[in-house]
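Worksheet: one structure, shown below.
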Amino acid sequence: MISRFFINRPIFASVISILIVIAGGVALFVLPVAQFPNITPPVVQVRAIYPGADPQVVADTVAAPIEQQVNGVDRMIYMSSTSAADGSYTLNVTFELGTDPDMATVLTQNRVSQALPRVPQEVQRQGVTTQKVSTTMVTVLSVYSPDQRYDGLYIANYVTINIKDVLARIPGVGNVQVFPQQDYGMRVWLDPDKLESRKLTANEVYQAISNQNIQVAAGQIGQRPAPKGQDFQLNIKTLGRLEDPEQFGNIIIKTGEGGRITRVKDVGRVELGAQTYDQTSSIDGAPCNSIIIY
């Protein structure tokens with residue numbers, strides 16, 4: 001009966017069809033369309049680094065407490081972790097299909113926070129990051145100097161400062177990783193023979209650098225309550241965190257008899273380099289920095 005009604009009235013049927021097409025065309029630009037629905041489970045990644053530690057130490061001191069807390073988080077399917085020889089630790093937690101990645105990240109972060117008191121202080125100082133990741137790699141870009149004017153350290157920091165954040169803000173980009181991650185760091189190379197001759201240990205040098213390379217609030221001159229006649233109030237600026245190798249070399253480690261002073265430069269050398277040299281990347285024999293986009 002319904003089909004006969006429209007067959008006997010072709011003009012009316014044509015008008016209805018045109019209205020449906022127009023309404024669909026308008027809705028196409030207004031209603032959300034899931035062109036590619038999620039077919040892979042969401043993954044949350046936990047990353048930490050323990051400088052100088054071997055894989056077994058990382059597994060015992062970092063992986064064990066974190067995984068004990070994260071295990072069993074809501075809607076988790078399974079998790080896998082890697083403890084590398086460079087002291088890095090990576091934990092991938094896979095959740096059920098349809099789980100909100102943002103909520104999964106929050107739940108995982110809460111579990112990781114409970115484990116942090118049991119993690120070594122050095123790992124906490126470096127930072128433990130929790131973020132959602134995509135398993136789909138879009139492309140890999142390589143940045144290098146054709147005439148090799150710049151070394152890998154310079155290129156890595158240039159990419160981190162000027163390129164990485166710009167790419168991460170592009171719509172559709174989930175995550176941007178830089179390989180190798182070589183941030184600038186002040187490296188202190190110690191001579192064991194010179195340390196032994198001065199009865200010093202590497203830990204004493206480390207403690208001296210940590211205690212003297214700090215940013216402090218020195219206060220003010222003329223701050224209230226001030227005596228009469230005090231017309232000015234001035235902020236005191238002091239030398240805070242050190243910036244160049246020469247300043248680090250002049251750090252005092254020990255004061256001996258007769259006022260003899262032992263400085264860092266007396267037992268080693270200081271240079272501006274990379275925080276780690278465990279990873280390298282090259283293209284056509286030239287040092288480069290690879291940008292992985294997810």
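The one candidate from Lys254, Glu196, Glu204, Arg198 that meets the side chain to side chain contact (heavy atoms under 4.5 Å, CB included) condition with Val267 is Arg198.
Atom CZ of Arg125 has more than 12 neighbouring heavy atoms from other residues, nucleotides or ligands inside a 6.0 Å radius. Shown here is Glu243, whose CD atom has no more than 12 heavy atoms of other residues, nucleotides or ligands within 6.0 Å. Around atom CG of Asn162, more than 12 heavy atoms belonging to other residues, nucleotides or ligands sit under 6.0 Å away.
Residues Asp86 and Ser88 have side chains that bring a donor and an acceptor to within less than 3.5 angstrom of each other. Judged by distance alone, the side chains of Arg47 and Thr129 never bring a donor and an acceptor atom under 3.5 Å apart. For the residue pair Gln56 and Asp60, a side-chain donor N or O sits within less than 3.5 Å of a side-chain acceptor on the partner. Checked by atom type, the side-chain pair Gln109/Thr105 shows no donor-acceptor distance below 3.5 Å. A donor and an acceptor atom, one from each side chain of Asn71 and Gln69, are nowhere located under 3.5 Å apart.
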Inset, instruction - Decide yes or no on side-chain hydrogen bond (donor to acceptor under 3.5 Å, both in side chains) for Gln45 and Thr130, but give the supporting numbers first. - result: CA-CA 6 Å; Gln45 187 177 88; Thr130 303; over 6 Å; no

Inset, instruction - Report the C-alpha separation of Thr90 and Asn92 in whole Å, then their side-chain angles, then the decisive distance to 0.1 Å, and conclude whether the side-chain hydrogen bond (donor to acceptor under 3.5 Å, both in side chains) test is met. - result: CA-CA 7 Å; Thr90 304; Asn92 292 321; over 6 Å; no

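Screening residues 140-182 for ring-ring contact (aromatic ring centres under 6.0 Å, His included), with sequence neighbours left out, gives Tyr150-Tyr154.
Side-chain contact between Ile16 and Ile20 is present, with at least one heavy-atom pair separated by less than 4.5 Å. No side-chain heavy atom of Pro287 sits less than 4.5 Å from a side-chain heavy atom of Ser282.
Side-chain atoms of Arg187 come within 3.5 Å of backbone N or O of Gln275 as a donor-acceptor pair. Judged purely by atom type and a 3.5 angstrom limit, Gln124 uses its side chain to pair as donor or acceptor with the backbone of Val119. Between the side chain of Thr108 and the backbone N or O of Ala104, at least one donor-acceptor pair lies under 3.5 Å. Between the Asp183 side chain and the Asn157 main chain, no donor and acceptor come within less than 3.5 Å of each other. Remark: the backbone N or O of Ser210 is not paired with any side-chain donor or acceptor of Asn213 at under 3.5 angstrom.
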